[in-house]
Amino acid sequence: MKQQSSVQLVGWIVWWLENVLIIGGMIVMGITRLFTVNLTGTMIGGGMMMGPNHWMVGLGMLAGIAVLIWKIILQVVAYYGIQRLNDVENLTWPIVLIVLGFLGASAYLIPGIWGIIVYYQQNNHR
């Protein structure tokens with residue numbers, strides 16, 4: 001197994017922090033949903049507009065699921081990108097991490113930009 005570079009180590013730290021934020025967000029949303037619904041299934045203080053059968057509640061749940069799926073896709077792509085950050089001959093994976101940073105996981109800009117800097121430093125010393 002190859003020795004991990006400092007760029008790859010930072011990438012893994014960012015990857016784990018993103019995972020903790022995703023799982024923490026799911027837990028917070030679940031707890032929030034649990035405490036805003038009383039035993040009869042209607043939302044506390046809500047009438048017809050805020051009842052559990054209203055279309056906005058379902059739409060909000062679908063949007064939340066879509067965001068969760070998007071975040072999982074970003075995490076899978078980032079996993080493979082971080083694994084391949086040691087290859088200083090290839091500029092593809094740092095650029096992929098930068099793109100992921102702009103697509104919703106902004107912390108991936110750090111290892112992405114750092115990977116590009118290392119790439120150009122390694123190629124200038126040859």
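As the structure is a computational prediction, the values presented were derived from the model and not from experiment. Along the sequence shown, residues are numbered consecutively beginning with 1.
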Should Leu103 and Trp70 count as side-chain neighbours, where that means a heavy-atom distance under 4.5 Å?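 With C-beta onward as the side chain, the pair touches.
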Just to verify, what does [X] make a side-chain contact (heavy atoms from CB on, under 4.5 Å) with, not counting sequence neighbours?
X	value
Ile98	Phe102, Leu109, Ile113, Ile116
Ile23	Ile27
Leu17	Ile13

Taking Val28 as the starting point, is it possible to reach Val67 by hopping between hydrophobic residues whose side chains are less than 4.5 Å apart?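 Different hydrophobic clusters.
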Consider only side-chain heavy atoms of I, L, V, M, F, W and Y, link residues closer than 4.5 Å, and tell whether Leu68 and Leu21 are in one cluster.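 Cluster IDs for Leu68 and Leu21 differ.
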Of the options Ile82, Ile110, Leu85, which is the one that meets Val10 in a side chain to side chain contact (heavy atoms under 4.5 Å, CB included)?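 One option only clears the test, and that one is Ile110.
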According to ring pair (Phe, Tyr, Trp, His ring centres under 6.0 Å), who are the partners of Trp12, at least two apart in sequence or on a separate chain?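 Partners of Trp12 under the ring pair (Phe, Tyr, Trp, His ring centres under 6.0 Å) test: Trp15, Tyr79.
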What pairs of residues pass the side chain to side chain donor-acceptor pair (under 3.5 Å) test when at least one of them lies in residues 104-119, not counting sequence neighbours?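 Passing the test, one end in residues 104-119: Gln75-Tyr108, Tyr119-Asn123.
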Decide yes or no on side-chain contact (heavy atoms from CB on, under 4.5 Å) for Trp16 and Val20, but give the supporting numbers first. CA-CA 6 Å; Trp16 280 108; Val20 167; 5.5 Å; no
When you measure from the side chain of Asn86 to the backbone of Ser5, do you find a donor-acceptor pair of N or O atoms at a distance under 3.5 Å?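 Yes, Asn86 side chain to Ser5 backbone: donor-acceptor pair under 3.5 Å.
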Indicate yes or no for a side-chain donor-acceptor contact from Lys71 to the backbone of Ala66 under 3.5 Å, with no hydrogens or angles considered.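 The answer is no, because no donor-acceptor pair under 3.5 Å joins these two groups.
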Nearest atoms (heavy-atom pairs only) where Pro111 meets Val7: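 Minimum heavy-atom contact is O-CG1, 3.6 Å.
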Distance-minimising heavy-atom pair for Glu18 and Ala107: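 Looking at all heavy atoms of both residues, the closest pair is OE2-CB, 3.8 Å.
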Using side chain to side chain donor-acceptor pair (under 3.5 Å) as the criterion, list what pairs up with Thr92, not counting sequence neighbours.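 So Thr92 forms a side chain to side chain donor-acceptor pair (under 3.5 Å) with Asn90.
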